[in-house]
Amino acid sequence: MRSTPTILHLDMDAFFAAVEQASKPSLRGKPVIVGGLGPRGVVSTASYEARVHGVHSAMAMAHARRLCPNAAYLYPRFTLYRQVSDIVMTLLHELSPLVEPLSLDEAFVDLAAGDSGRRLAGLGHREVTAAARGTAEALRARIAEATGLTASVGLAGSKLLAKIGSEAAKPDGLVVIEPGTERDFLGPRSVRTLWGVGPATAEHLRRAGITTIAEVAETGEAELVRLLGKAHGASLHAMATGRDDRPVVAERDVKSISVEDTFDTDLTDRARVRFEVARLADRCVRRLREAGRSGRTVVLKVRHYDFTTLTRSETLRAPTDDPGVVKETAARLLESVVTTGGVRLLGVGVAGLADFTQEDLFAQFAEETAAREEAAGDGTAAAPEPGAPPPEPAERRWRPGQDVSHPEYGPGWVQGSGLGRVTVRFEVPTGRPGRVLTLAIEDPALQPAEPLPLTSWTPPPGSPEAGPPEAGRDGDAGAA
DNA sequence: TCTGGGGTCCTAGGACCC
DNA sequence: TCTGGGGTCCTAGGACCC
């Protein structure tokens with residue numbers, strides 16, 4: 001708990017949907033819904049125009065379509081979101097070396113750290129508050145300039161209050177919660193406002209007659225611990241009374257890497273289930289290797305037709321990033337799971353991540369790998385793997401939201417496709433709403449394209465974004 | 001209306017060791 | 001022969017967050 005509001009929480013407004021609107025001029029001011037568009041998709045983000053109709057994150061896409069049939073429905077473009085996120089994070093790092101990202105569109109910043117923090121240290125309470133407010137407003141303006149997007153900011157003496165502040169500031173606002181006013185601010189709000197209180201905990205508390213944060217604060221810590229368990233009860237009591245001393249932490253280690261797939265229709269063929277587990281294991285290892293990590297525990301996740309979900313895990317003697325080892329372990333775990341009735345989701349993960357370099361691992365596993373490859377023999381690409389689904393007819397697939405370009409009409413994006421046709425809106429982020437044309441799906445002139453930047457903004461010299469590709473890769477890991 | 005995909009943290013029981 | 005307690009690791013599940 002600090003006596004000045006120097007913890008900043010930034011939250012981009014309706015991030016994915018806002019990026020799409022900034023990218024596609026024809027969608028500005030219109031309802032936009034980003035998420036999985038398949039039969040089992042859910043909403044990732046709805047624009048404010050769509051929220052008016054009751055659409056919100058985590059809602060089944062089928063439900064959203066009924067509530068808001070005229071919205072633009074788009075697949076997420078994570079590559080672009082990551083690029084925009086990098087720009088925002090760069091701007092945050094200009095405020096302080098202590099930046100803690102929570103996701104692509106959210107982060108804490110400790111304004112009391114670093115050079116600017118030392119400047120604040122010499123000031124009185126009112127001056128610090130005014131300076132923090134000025135910093136936050138300048139930040140919001142810079143983000144708008146660099147990305148064309150709006151962000152909301154909370155300033156407070158703790159993480160909890162800063163986060164609740166940014167929520168209260170939405171959209172496109174700033175809320176400062178003066179230290180000392182925490183309990184008044186929190187008291188009347190629902191327990192659901194508190195970090196870590198979801199549907200289950202809220203229901204638990206409701207049955208005990210507790211619905212507001214003030215009521216949590218009045219309940220003794222011992223009682224909360226009895227109700228919710230040691231860690232949860234204690235932290236809830238602290239938060240409700242405004243006590244929160246969690247520091248802003250810049251570098252957090254990844255603890256696990258996993259991939260999972262929900263299938264459009266349940267898998268009933270056991271061979272197909274085995275095949276999909278092998279594919280997921282490969283994808284998981286690819287991600288593991290991209291991160292330069294290896295892990296000891298392989299986890300298999302299975303969700304049945306009725307949504308019951310189980311995990312099976314096995315811990316190896318040493319960390320691995322070997323696709324063969326992960327695949328074999330996942331396959332072994334699968335053999336202990338009954339899948340009659342149908343499988344809705346499969347997942348493969350690796351936990352217990354180690355910092356072992358690939359070289360160490362290679363030495364450790366060279367023998368085993370060599371032995372396995374020998375056993376597997378050659379002839380790998382000869383026949384399709386057992387369980388592989390029948391090959392699709394080679395028709396080009398265009399996904400709603402996808403970037404394309406055409407030599408005559410220029411850059412654009414796919415609105416929809418079907419019946420051998422694809423509908424494309426030809427426009428660019430910095431232009432006016434463009435025209436819509438319908439082309440043949442097989443039209444060779446239409447090609448997939450990379451997303452265009454939202455603005456002509458370029459990172460300032462010396463920032464991580466502008467630096468040489470390898471600069472600071474290891475350098476800032478252990479910075480104190 | 002029928003529920004994504006990527007994570008984190010906590011709890012609890014059993015094995016195993018000292 | 002009966003009965004300790006503590007610590008750590010592993011496994012499984014659940015709640016929660018974005």
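Computed over heavy atoms, backbone and side chain alike; hydrogens, waters and symmetry mates excluded. Just so it is clear, the structure is predicted and the values come from calculations on it, not from any experiment. Proteins come first, then strands; the chains are lettered A, B, ... in the order of their sequence lines, and each starts at number 1.
With values rounded to the nearest 0.5 angstrom, A/Arg207 atom CZ is found 9.5 Å from A/Leu227 atom CG.
Listed candidates were C/dC16, B/dG5, B/dG7. Nearest to the side chain of A/Ala200 is C/dC16. When each of B/dT1, C/dC16, B/dT8 is scored by its nearest atom to the side-chain atoms of A/Thr201, the top-ranked nucleotide is C/dC16. Comparing C/dT11, C/dG13, C/dA15 against the side chain of A/Thr311 picks out C/dG13 as the nearest. Of all nucleotides listed (C/dG13, B/dG4, C/dT11), B/dG4 comes nearest to the side chain of A/Thr262. If you check B/dT3, C/dC17, B/dG6 against the side chain of A/Val42, the one that comes closest is B/dT3. The listed nucleotides are C/dC18, C/dC16, B/dC2; the one nearest the side chain of A/Ser103 is C/dC18. Of the candidates B/dG6, B/dG7, C/dC17, B/dG7 carries the atom nearest the A/Ser256 side chain, counting heavy atoms from C-beta on. Comparing C/dC18, B/dT8, B/dT11 by their nearest atom to the side chain of A/Lys230 picks out B/dT11. Among B/dG4, B/dG5, C/dA12, the nucleotide with an atom closest to any side-chain atom of A/Arg312 is C/dA12. Checking B/dT11, C/dA12, C/dC17 against the side-chain heavy atoms of A/Ala231 singles out B/dT11 as nearest.
In this structure, B/dG13 forms a base pair with C/dC10, meeting either the Watson-Crick or the G-U wobble geometry with both donor-acceptor distances under 3.5 Å. A 3.5 Å limit on both hydrogen-bonding distances identifies C/dG5 as the Watson-Crick or G-U partner of B/dC18.
Atom NE2 of A/His232 and atom C1' of B/dC10 are 9 Å apart (whole Å). We find that CG of A/Asp264 is positioned 11 Å from P of B/dG4, with the value rounded to whole Å.
At a threshold of 4.0 angstrom between heavy atoms, the contacts of A/Val43 with the nucleic acid are absent. Nucleic acid contact for A/Pro39: sugar-phosphate only, since backbone atoms but no base atoms lie under 4.0 Å from a heavy atom of the residue. No contact: A/Lys301 has no heavy atom under 4.0 Å from any strand. Heavy atoms of A/Ala58 sit under 4.0 angstrom from at least one base atom. No engagement by A/Arg65 is indicated, since no non-hydrogen atom pair under 4.0 Å with the nucleic acid exists. As judged by a 4.0 angstrom heavy-atom cut-off over every strand, A/Leu300 is placed among residues making no nucleic acid contact. A/Gly36 comes within contact range of no nucleotide atom at all, as no heavy-atom separation falls under 4.0 Å. Using a 4.0 Å heavy-atom distance criterion, A/Leu104 is classed as making no nucleic acid contact.
Mapping A/Ile257 and A/His63 onto DNA chain B by nearest heavy atom places A/His63 at the nucleotide closer to the 5' end.
Between the side-chain ring of A/Phe307 and the base of B/dC2, no stacking contact exists by the 5.5 Å and 30° definition.
Side-chain nitrogen and oxygen atoms of A/Arg252 include none within less than 4.0 Å of the OP1 or OP2 phosphate oxygen of B/dG7. Distances shown here put a side-chain N or O of A/Arg303 below 4.0 Å from the OP1 or OP2 atom of B/dG4. Considering only side-chain N and O atoms, A/Thr315 lies nowhere under 4.0 angstrom from the phosphate OP1 or OP2 of C/dC9.
For the pair A/Arg82 and A/Phe78, the cation-pi test (distance below 6.0 Å, angle within 45°) is failed. Judged by the 6.0 Å distance and 45° axis criteria, A/Arg189 is positioned over the aromatic ring of A/Phe185.
Comparing B/dT3 with C/dC18, their P atoms sit 23 Å apart, to the nearest whole Å.
Minimum heavy-atom separation, A/Asp13 to A/Ala151: OD2-N, 3.6 Å.
Checked by atom type, the side-chain pair A/Thr320/A/Arg296 shows no donor-acceptor distance below 3.5 Å. Residues A/Ser158 and A/Arg243 have side chains that never bring a donor and an acceptor to within less than 3.5 angstrom of each other.
With A/Asp261 as the partner, the salt bridge (charged side-chain N to carboxylate O under 4.0 Å, His left out) test is satisfied by one option alone out of A/Arg344, A/Arg303, A/Arg283: A/Arg283.
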